[in-house]
J.: 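Right, I'll just put the structure down here and ask away after.
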Amino acid sequence: MKRHNLVGCLACVLGLATISFGQAIPTASRVGQIQAGIGGFVLNPDFGQSDIQGLTFYADFDFAQRLGAEGEIHYSLRTPSNVRENTYFAGPRYIVRHKKLDGYAKALFGVGHFNLQQGNIINANTGTYFAYALGAGAELQASRHIHVRLIDFEAQKWPGFATSGLSPYLFTAGVAWVFR
């Protein structure tokens with residue numbers, strides 16, 4: 001009988017240890033990783049014959065090992081045929097990490113601003129439209145705080161543009177600072 005009481009008391013003490021608050025809370029855990037970057041892009045506008053070149057500003061927040069969110073702005077600078085296609089996107093991204101190389105896929109949603117002006121004549125399609133993009137890319141972790149975006153590809157769709165929509169695609173390369 002004493003042996004059963006001893007085993008019972010030991011089981012109770014060990015059972016209470018799981019709900020006790022005797023362990024310290026980790027002090028160096030991080031909620032996520034944020035990076036902000038700038039890059040250059042080349043866009044096939046799907047309107048006109050010349051490629052558009054410009055700047056991309058982007059920010060990523062990776063809140064889990066493989067999941068994150070991205071926001072980006074594409075701003076046209078060099079427009080040989082006077083066509084500007086600026087976009088403002090945000091959406092989720094899925095990351096696959098392998099040593100210092102990160103591959104990712106993303107789905108972005110937002111708006112695109114189309115502008116075509118020849119002299120004083122403004123094209124009737126000039127305006128802001130809903131747009132979305134599916135993309136993928138690769139980044140290299142050059143150092144603890146610097147990531148190099150080797151390539152980023154986006155296939156955009158502007159469904160409300162004119163009669164059949166607009167389907168530009170673009171390539172981006174850039175560099176980002178990682179806040180840890």
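Just so you know, these numbers come straight off a predicted model, no measurement behind them.
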J.: Which pair of heavy atoms, one from Glu85 and one from Ile52, lies closest together, and at what distance?
T.: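 Minimum heavy-atom separation between Glu85 and Ile52: N-CD1, 4.2 Å.
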J.: About how many Å separate CZ of Phe41 and CG of Asp51, when rounded to the nearest 0.5 Å?
T.: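 Interatomic distance, Asp51 CG to Phe41 CZ, rounded to 0.5 Å: 10.5 Å.
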J.: To the nearest 0.5 Å, tell me how far Leu55 CG sits from Asn86 CG.
T.: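 Rounded to the nearest 0.5 Å, the CG-CG separation comes to 10.5 Å.
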J.: Which heavy atom in Thr128 sits nearest to a heavy atom in His113, and how many Å separate them?
T.: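 Distance-wise, the nearest heavy atoms are OG1-ND1, 2.9 Å.
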J.: Give a yes or no on whether Leu166 and Val111 share a hydrophobic cluster (residues Ile, Leu, Val, Met, Phe, Trp, Tyr; joining criterion: side-chain heavy atoms under 4.5 Å apart).
T.: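 Different hydrophobic clusters.
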J.: Hey, what else clusters with Phe109 if you join Ile, Leu, Val, Met, Phe, Trp, Tyr whenever side-chain heavy atoms sit under 4.5 Å?
T.: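 Besides Phe109, the hydrophobic cluster comprises Phe130, Tyr132, listed by chain and residue number.
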J.: Quick one: pull up CZ in Arg180 and CD1 in Ile34 and give me the separation to the nearest 0.5 Å.
T.: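 Separation between the atoms: 12.0 Å.
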J.: Answer with yes or no whether the hydrophobic clustering places Trp177 together with Phe61; edges join I, L, V, M, F, W, Y residues whose side-chain heavy atoms lie under 4.5 Å apart.
T.: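 Cluster IDs for Trp177 and Phe61 match.
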J.: Any idea which heavy atoms bring Ala138 and Leu101 closest together, and the distance?
T.: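 The pair with the smallest heavy-atom distance is CB-CD1, 4.5 Å.
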J.: By side chain to side chain contact (heavy atoms under 4.5 Å, CB included), which residues pair with Tyr129, not counting sequence neighbours?
T.: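 Checked Tyr129 against side chain to side chain contact (heavy atoms under 4.5 Å, CB included); matches are Phe114, Asn125, Trp158, Phe161.
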J.: Indicate if Phe47 and Tyr75 have the same hydrophobic cluster label, given that clusters are the connected sets of ILVMFWY residues with side-chain heavy-atom separations under 4.5 angstrom.
T.: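 In one cluster with Phe47: Tyr75, no.
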J.: Can you confirm whether Tyr169 is buried at OH, in the sense that more than 12 heavy atoms of other residues, nucleotides or ligands lie under 6.0 Å from that atom?
T.: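 No, OH of Tyr169 has 12 or fewer neighbouring heavy atoms, counting only those of other groups under 6.0 Å.
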J.: To the nearest 0.5 Å, what is the distance between OG1 on Thr87 and CD1 on Ile73?
T.: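 Going from OG1 on Thr87 over to CD1 on Ile73, the span is 9.0 Å.
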J.: Among Lys106, Gln33, Arg149, whose side-chain hydrogen bond (donor to acceptor under 3.5 Å, both in side chains) with Asp60 holds?
T.: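 So, applying the side-chain hydrogen bond (donor to acceptor under 3.5 Å, both in side chains) to Asp60 and each of Lys106, Gln33, Arg149, only Arg149 qualifies.
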J.: Side chains of Gln35 and Glu139: any donor to acceptor distance under 3.5 Å?
T.: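 There is such a pair between these side chains.
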J.: Does a side-chain heavy-atom distance below 4.5 Å link His74 with Leu43?
T.: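 Of all side-chain heavy-atom pairs linking Leu43 with His74, none is under 4.5 Å.
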J.: Would Asp152 and Tyr104 satisfy side-chain hydrogen bond (donor to acceptor under 3.5 Å, both in side chains), going step by step from the backbone distance to the final call?
T.: CA-CA 9 Å; Asp152 180 270; Tyr104 59 88; 2.5 Å; yes
J.: Measure across Ala176 and Tyr58 and return the closest heavy-atom pair with its distance rounded to 0.1 Å.
T.: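 That would be CB-OH, 3.6 Å.
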J.: Taking a hydrophobic cluster as the set of Ile, Leu, Val, Met, Phe, Trp and Tyr residues connected by side-chain heavy atoms closer than 4.5 Å, whether directly or through intermediates, do Leu77 and Phe57 fall within one such cluster?
T.: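 Yes, same cluster.
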J.: Starting at CZ of Arg66, measure out to CG of Asp102 and round the result to the nearest 0.5 Å.
T.: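 So the gap between those two atoms works out to 10.0 Å.
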J.: Looking at Val178 and Arg144, what are the two nearest heavy atoms and their distance?
T.: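 Taking Val178 first and Arg144 second, the nearest heavy atoms are CB-O, 4.1 Å.
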J.: Closest heavy-atom contact between Pro168 and Pro45?
T.: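 Looks like CB-O, 3.9 Å.
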J.: As an exercise, state the distance from CG of Leu140 to CD1 of Ile151, rounded to the nearest 0.5 Å.
T.: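 One gets 14.0 Å once the value is rounded to the nearest 0.5 Å.
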J.: Report yes or no: does Arg84 contribute a side-chain atom to a donor-acceptor pair with the main-chain N or O of Ser76 at less than 3.5 Å?
T.: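 Such a contact is found between Arg84 side chain and Ser76 backbone.
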J.: For Asp62 and Arg93: C-alpha separation, side-chain torsions, deciding distance, then whether salt bridge (charged side-chain N to carboxylate O under 4.0 Å, His left out) applies.
T.: CA-CA 8 Å; Asp62 298 337; Arg93 74 182 204 145; 3.2 Å; yes
